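This is a predicted model, so every value here is computed, not measured. Chain naming here is simple, since letters A, B, ... match the order of the sequence lines and numbering starts at 1 in each.
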There are 2 protein chains.
Amino acid sequence: MQAASATACAGSAPRGRPREFDPDEALASALRVFWQKGYDGASMAELTEAMGITKPSLYACFGNKEALFRKALDLYERDKLCYVRSALEEPTARLVAERMLNGALATHCGDSDPQGCLGVISTMPCGIEAETIRADVIARRRSSEQAMIARFKQARDEGDLPDHVDPEGLANYLTTVLQGLSVKATSGTDRESLKRIVQTALACWPCA
Amino acid sequence: MQAASATACAGSAPRGRPREFDPDEALASALRVFWQKGYDGASMAELTEAMGITKPSLYACFGNKEALFRKALDLYERDKLCYVRSALEEPTARLVAERMLNGALATHCGDSDPQGCLGVISTMPCGIEAETIRADVIARRRSSEQAMIARFKQARDEGDLPDHVDPEGLANYLTTVLQGLSVKATSGTDRESLKRIVQTALACWPCA
DNA sequence: TACGTTCTGTACTAAGCAGTACATATTTAG
DNA sequence: CTAAATATGTACTGCTTAGTACAGAACGTA
């Protein structure tokens, strides 16, 4: 049981034949495939081709398909969903919503990455094998939603939201809009339409 | 090329061995499976078992998996999405939204049918085989969205919406919320939470 | 009774899937 | 130079998938 990280412990000299690919790059390529096709839709053949490695290399480095997906999901949350964290630090509830919606727009409707949200795609029923992953993604999302609820409760305590507004309802409503945007993005709706949807949603925001 | 419908042309006497199952019932069972598992997630084995027939019977009666799905989708739109039509006939834009949201709640979060919207589930990427179906479902949805845009334009012309509101943006925003609700329902969010989301969305509706 | 027609059930085909065995190549340690 | 260790590529396993061939069963008609 050695704990040799991908980015090497400097001093440790690897003993055998050196790896001919960069695991981080390969994982990023895998992420793109999962993001585009979903867990079940991405075959090991497609994954290995996109990653530029063979199946035995993949299995030796990442375990199996499910483990690979989980690592890709970690990368996704760390690299692509970072706007969620910073959005929650905005000073007002409205700014939180604004930043969340625009962050989603940038991340899920850009032209350098696949359209839509990997999380939403992964919670849709598909194969049987994906069930454990579905449950995992749903759990991760739930914790993220709890954070938003807490943020909006704080906002109401700070007098930042009208008293008649239910913070939990508002938080869940906002994630609903975000998930709806993701569905539309995945379906190929163009970015201009999505921008107008975000504008409309913000125009409707309580206490604008 | 005879056009013998499922519900028989009365006069025509069927010549061979009579069918031992009801195609309408079988189709309804198939719909439930597709609704629960998605197109790719539903295997022919699961379908035939739920429908109570064998594979040759299925292929003889419905063609193939894709044709079966399309017939199930027709049934779904006719039986389960009928609230969309009637919602558009409501006298005000707000009542349209109210009826759409409550209709979605009843249809996608009931306890007699699977959770979520078959249309949304079917537009998520999964297998390669589902691509043509995805495109088809997206096209169907687009025409439905056009109808709502037209309805909201009419509402603005009738002075039923504030002048500063963009009818197309509002229609697309509403479908976004509806699709988001479907994602949440599919993920197992309980109906009470969804009701509160609908309430929040309606509280935000322009010119309440 | 015999025939044509249609449905049913068993048993199959071919393809795609995730995952792996094994021989070979490339490295460090001694 | 040899041995241990790790990575690689080919070729495979076993399983599941959609779809079908074929024999037999049940009907109307003659």
Side-chain angles (χ1 to χ4, degrees), chain A residues 1-6 8-23 25-26 30 33-34 37-72 126-133, chain B residues 1-2 4-6 8-23 25-26 30 33-34 37-70 72 126-133:
Chain A
M1 266 240 265
Q2 289 174 260
S5 92
C9 316
S12 81
R15 270 185 310 189
R17 175 176 176 175
R19 195 173 272 136
E20 291 179 6
F21 65 96
D22 177 358
E25 276 182 32
V33 177
F34 281 128
K37 315 227 171 179
Y39 179 78
D40 289 277
S43 71
M44 295 302 286
E46 283 172 310
L47 286 164
T48 51
E49 194 190 335
M51 298 164 84
I53 62 179
T54 59
K55 284 163 77 175
S57 296
L58 190 156
Y59 279 87
C61 186
F62 298 102
N64 60 8
K65 189 180 178 182
E66 185 172 332
L68 174 64
F69 180 83
R70 260 176 240 276
K71 290 185 173 101
C126 223
I128 335 128
E129 43 177 353
E131 279 310 305
T132 64
I133 283 178
Chain B
M1 266 240 263
Q2 290 175 260
S5 92
C9 316
S12 80
R15 272 183 309 191
R17 175 175 177 176
R19 196 174 268 136
E20 293 179 7
F21 64 96
D22 177 358
E25 276 182 33
V33 177
F34 281 129
K37 315 227 171 178
Y39 179 78
D40 289 277
S43 70
M44 295 304 286
E46 284 173 308
L47 287 164
T48 51
E49 193 189 337
M51 298 164 83
I53 62 179
T54 58
K55 283 164 77 177
S57 296
L58 190 154
Y59 278 89
C61 186
F62 298 102
N64 60 7
K65 189 179 179 183
E66 186 172 332
L68 174 65
F69 180 83
R70 261 176 240 274
C126 222
I128 334 128
E129 42 178 353
E131 280 308 307
T132 65
I133 283 178

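- Between the CD1 atom of B:I128 and the CD atom of A:E46 there is a distance of 6.0 Å, given to the nearest 0.5 Å.
- Judged purely by atom type and a 3.5 angstrom limit, A:K65 uses its side chain to pair as donor or acceptor with the backbone of A:Y39.
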Atom pairs, protein N/O to nucleotides 3-5 of chain D N/O, distance under 3.5 Å:
none

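- In this structure, A:K65 atom NZ and C:dC17 atom P are separated by 9 Å, rounded to whole Å.
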Pair B:R70-B:T132, side chain to side chain contact (heavy atoms under 4.5 Å, CB included): steps then yes or no: CA-CA 11 Å; B:R70 261 176 240 274; B:T132 65; 3.9 Å; yes
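- Heavy-atom minimum distance, A:T48 versus A:T54: CG2-C, 4.0 Å.
- Summarising the geometry, the separation between CD1 on B:I128 and C1' on D:dA18 is reported as 12 Å, rounded to the nearest angstrom.
- As rounded to whole Å, 18 Å separates atom P of C:dC17 from atom CD of A:E66.
- The distance from the OG atom of B:S43 to the NZ atom of B:K37 is 7.5 Å, given to the nearest 0.5 Å.
- Whole-Å rounding puts the A:E129 CD to C:dC17 P distance at 11 Å.
- Summarising the local packing, CD of B:E129 is surrounded by more than 12 heavy atoms from other residues, nucleotides or ligands at distances under 6.0 Å.
- Proximity of residues 42-57 of chain B to DNA chain D (heavy atom under 4.0 angstrom from any strand atom) is restricted to B:A42, B:S43, B:M44, B:K55, B:P56.
- When the P atom of C:dA25 is taken as reference, atom CD of A:E20 falls 13 Å away, rounded to whole Å.
- Smallest separation of non-hydrogen atoms from A:F62 and A:A67: O-CB, 3.2 Å.
- In this structure, A:N64 atom CG and C:dT20 atom P are separated by 8 Å, rounded to whole Å.
- The OH-P distance, from B:Y59 to C:dC7, rounds to 17 Å in whole Å.
- Checked by atom type and distance alone, the side chain of B:D40 never pairs as donor or acceptor with a backbone atom of B:C126 at under 3.5 Å.
- Taking atom CZ of residue B:R19 and atom P of nucleotide D:dG28, one finds them 16 Å apart after rounding to whole Å.
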